[in-house]
Trainee: 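This structure is in structure tokens; I'll ask about it shortly.
All values below were derived from every heavy atom in this structure, side-chain atoms included, with hydrogens, water molecules and symmetry-related copies excluded. Below, chain A is the first sequence line, B the second, and so on; all start at residue 1.
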Amino acid sequence: MPELPEVETVRRGLAGRIVGRSVMNVDMGRERVARRTSTSAVARGLTGTTIIEVDRRGKYLLIRLTGQRTAMVHLRMSGQLLVAPSALPRPNHCHVAALLDDGNELRFVDPRTFGEVVVYATADEAVVVPELARLGRDPLVDGVSRAALAEICRGRRRRLKSLLLDQTAIAGIGNIYADEICHRARLRPDRQAASLDGRHLQRLAEAMVSVLNAAVSAGGSTLGDAQYVGVDGQAGSFQDEHRVHARAGLRCGTCGRGIVRRMVIDQRSTYWCGICQR
DNA sequence: AAACAAACCTGTGCGC
DNA sequence: TGCGCACAGGTTTGTT
């Protein structure tokens with residue numbers, strides 16, 4: 001579910017609601033969400049700390065804590081981080097509930113339990129979360145240029161969308177935004193990345209930044225199943241601006257002539273307009 | 001190296 | 001209504 005814009009929306013929500021708060025007590029649910037260590041390690045790691053700041057790298061949230069600790073949260077497909085008064089009943093599938101000193105609870109909710117939480121000494125980051133070091137550049141944190149994309153595409157025989165989904169190439173883009181970025185750049189998702197010339201790469205870099213920024217401004221995308229919501233349970237609105245994703249059979253909103261088509265790339269549904277995108 | 005398949009889970013929507 | 005199946009925003013592992 002959550003891609004860069006949704007995770008960034010959560011990050012901003014958390015920054016405004018939990019920075020400066022202390023963790024009084026922690027209730028844990030399913031062991032699986034703490035699989036990188038254990039539920040008791042997560043509870044012990046959080047209890048008694050104060051939240052200093054909230055960082056994001058690609059789809060990874062990094063909550064910096066006192067005591068030189070960090071809590072890493074990855075929402076995967078169905079995870080949510082919610083801040084709610086502790087008096088309100090917890091939703092189903094609430095696997096971490098951290099009581100804060102202002103009476104709110106920070107809650108990690110995840111029906112499918114693909115998501116995870118781990119607390120570690122910040123100095124051990126490279127050991128505990130080794131995939132962070134392998135992430136490619138984050139288009140909003142690091143910026144992305146035509147030259148940077150040329151470097152990524154160079155010497156590879158790979159389809160464009162597959163490259164966009166590869167977190168070690170570019171961090172934060174998932175299935176929705178890969179489709180929307182390809183559309184905005186007017187590039188077919190299945191064309192060979194190595195075939196892109198300087199003009200194409202320039203369009204791709206601009207599309208990446210503009211689509212992701214617009215999506216962050218809209219608070220992310222909440223599809224029909226409403227799985228993604230922000231920390232206050234609010235839906236995003238960028239789904240109203242999707243041009244192709246999950247719109248098979250509908251008329252392309254950009255050219256007004258093409259009908260959005262569906263294909264499968266890397267086991268993921270892929271939507272594109274055969275007229276706009278070459 | 002790239003593409004593909006399956007796995008991890010639960011929920012929802014659709015056709016019959 | 002109920003059942004069975006397809007499918008869902010992610011990532012990893014193993015196989016062609």
Trainee: Any ion pair linking A/E105 and A/R90 (charged N to carboxylate O, less than 4.0 Å)?
Mentor: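 So A/R90 pairs with A/E105 through a salt bridge.
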
Trainee: Which protein N or O atoms sit under 3.5 Å from an N or O of nucleotides 7-9 of chain B?
Mentor:
residue	atom	partner	partner atom	Å
B/dC8	O3'	A/R32	NH1	3.4
B/dC9	O2	A/R112	NE	2.7
B/dC9	N3	A/R112	NH2	3.4

Trainee: For residues 248-255 of chain A, tabulate all N or O donor-acceptor pairs below 3.5 Å that involve a side-chain atom, not counting sequence neighbours.
Mentor:
residue	atom	partner	partner atom	Å
A/R251	NH1	A/G256	O	3.4
A/R251	NH1	A/R257	O	3.1
A/T254	OG1	A/H183	NE2	2.9
A/T254	OG1	A/R243	NH1	3.0

Trainee: Among the nucleotides C/dG10, C/dA8, B/dA3, which one has an atom lying closest to any side-chain atom of A/R158?
Mentor: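 Comparing C/dG10, C/dA8, B/dA3 against the side chain of A/R158, the answer is B/dA3.
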
Trainee: For C/dC3 versus B/dC9, give the span between their P atoms, rounded off to a whole number of Å.
Mentor: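 It comes out at 24 Å once rounded to the nearest Å.
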
Trainee: Rounded to whole angstrom, note down the P distance from C/dG10 over to B/dA1.
Mentor: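 C/dG10 and B/dA1 have their P atoms separated by 24 Å.
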
Trainee: Got a sec, which residues hit side-chain contact (heavy atoms from CB on, under 4.5 Å) with A/S38, two or more places apart in sequence or on another chain?
Mentor: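 Testing A/S38 for side-chain contact (heavy atoms from CB on, under 4.5 Å), a comparison that skips the adjacent residues, returns A/E31, A/S40, A/A41.
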
Trainee: Can A/R11 and A/E8 be counted as an ion pair, charged N to O under 4.0 angstrom?
Mentor: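 A/E8 and A/R11: salt-bridged.
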
Trainee: Parallel, tilted or perpendicular for A/F238 and A/H242, by the 30°/60° rule?
Mentor: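 Geometry flag for A/H242 against A/F238: perpendicular rings.
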
Trainee: Between C/dA8, B/dT10, C/dG10, which nucleotide gets closest to the side-chain atoms of A/N175?
Mentor: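 Minimum distance to the A/N175 side chain belongs to C/dG10.
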
Trainee: With a 4.0 Å cut-off, would you call A/D55 and A/R64 a salt bridge?
Mentor: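 Counted as a salt bridge, because a side-chain N and a carboxylate O are separated by less than 4.0 Å.
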
Trainee: Please go through A/Y60's hydrophobic cluster and name the other residues, only I, L, V, M, F, W, Y counting, with side-chain heavy atoms under 4.5 Å joining them.
Mentor: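 Besides A/Y60, the cluster holds A/L62, A/M72, A/V118, A/Y120, A/V128, A/V129, A/L132, A/L135.
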
Trainee: Which nucleotide sits closest to the side chain of A/Q167: C/dT12, B/dA2, C/dT11?
Mentor: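 Closest nucleotide among those given: C/dT11.
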
Trainee: Would you tabulate the nitrogen or oxygen pairs shorter than 3.5 Å linking the protein to nucleotides 13-16 of chain C?
Mentor:
none

Trainee: Could you summarise the pairing of DNA chain B as dot-bracket text, marking Watson-Crick and G-U pairs under 3.5 Å with ( ) or [ ] inside the strand and | across strands?
Mentor: .|||||||.|||||||

Trainee: Taking only Lys NZ, Arg NE, NH1 and NH2, and the carboxylate oxygens of Asp or Glu, determine whether A/R159 and A/D190 approach each other closer than 4.0 Å.
Mentor: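 Looking at A/R159 and A/D190, the cut-off is not met.
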
